[in-house]
Amino acid sequence: MKAIPRIMPTLPAADLFNIFRNLSRDIPEEDAQKIVSGFETKFAERYGLPRGVATSRARMALYYLLKNMGLKPNGEVLISAIH
């Protein structure tokens with residue numbers, strides 16, 4: 001039986017390896033900010049977007065997404081239990 005991948009990373013394996021390797025290092029705050037900023041820029045460029053923003057959790061990304069959608073106050077947002 002052939003496995004069906006759930007995702008297909010579009011970054012080269014070497015780039016993914018370097019990202020994970022760098023995540024495990026202790027680095028000064030200003031260097032960390034440069035790395036995150038560089039990642040956001042490259043991610044946005046890769047997908048043809050004007051800007052990218054990295055968040056610490058998917059929950060925070062969803063919060064910022066909803067906050068910037070211009071929804072009416074006291075509205076209701078429904079999401080599935082598994083998201």
Side-chain angles (χ1 to χ4, degrees):
M1 179 175 182
K2 185 177 178 182
I4 300 173
R6 294 183 69 152
I7 63 168
M8 295 295 294
T10 56
L11 292 172
D15 288 350
L16 289 173
F17 176 76
N18 286 332
I19 290 168
F20 290 123
R21 186 188 62 190
N22 287 333
L23 288 173
S24 66
R25 297 183 321 171
D26 285 332
I27 50 178
E29 180 68 24
E30 69 181 40
D31 290 344
Q33 289 175 357
K34 288 178 187 176
I35 291 168
V36 171
S37 179
F39 169 77
E40 292 171 338
T41 300
K42 287 182 181 182
F43 187 88
E45 288 172 358
R46 172 76 173 99
Y47 293 99
L49 301 171
R51 186 168 176 233
V53 177
T55 62
S56 59
R57 305 246 188 283
R59 164 180 33 199
M60 292 307 300
L62 181 61
Y63 168 78
Y64 289 123
L65 176 70
L66 293 171
K67 186 175 179 179
N68 288 288
M69 286 180 66
L71 301 173
K72 294 179 182 179
N74 299 318
E76 193 171 2
V77 175
L78 302 175
I79 58 173
S80 67
I82 302 173
H83 57 280

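Not a single side-chain hydrogen bond (donor to acceptor under 3.5 Å, both in side chains) links Arg51 to another residue, sequence neighbours left out. Under the ring pair (Phe, Tyr, Trp, His ring centres under 6.0 Å) criterion, Phe20 pairs with no residue, sequence neighbours left out.
Atoms CG and NZ, on Asp15 and Lys42 in that order, are 7.5 Å from each other to the nearest 0.5 Å.
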Solution key, residues 26-40 side-chain donor-acceptor pairs under 3.5 Å, sequence neighbours excluded:
{"residue": "Glu29", "atom": "OE2", "partner": "Gln33", "partner atom": "NE2", "Å": "3.3"}
{"residue": "Glu40", "atom": "OE2", "partner": "Ala54", "partner atom": "N", "Å": "2.8"}

Atom pairs and distances, side-chain donor-acceptor, residues 58-74, under 3.5 Å, sequence neighbours left out:
{"residue": "Asn68", "atom": "ND2", "partner": "Tyr64", "partner atom": "O", "Å": "2.8"}

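Here the closest heavy-atom approach between residue Ala44 and residue Pro50 is recorded as CB-C, 4.4 Å.
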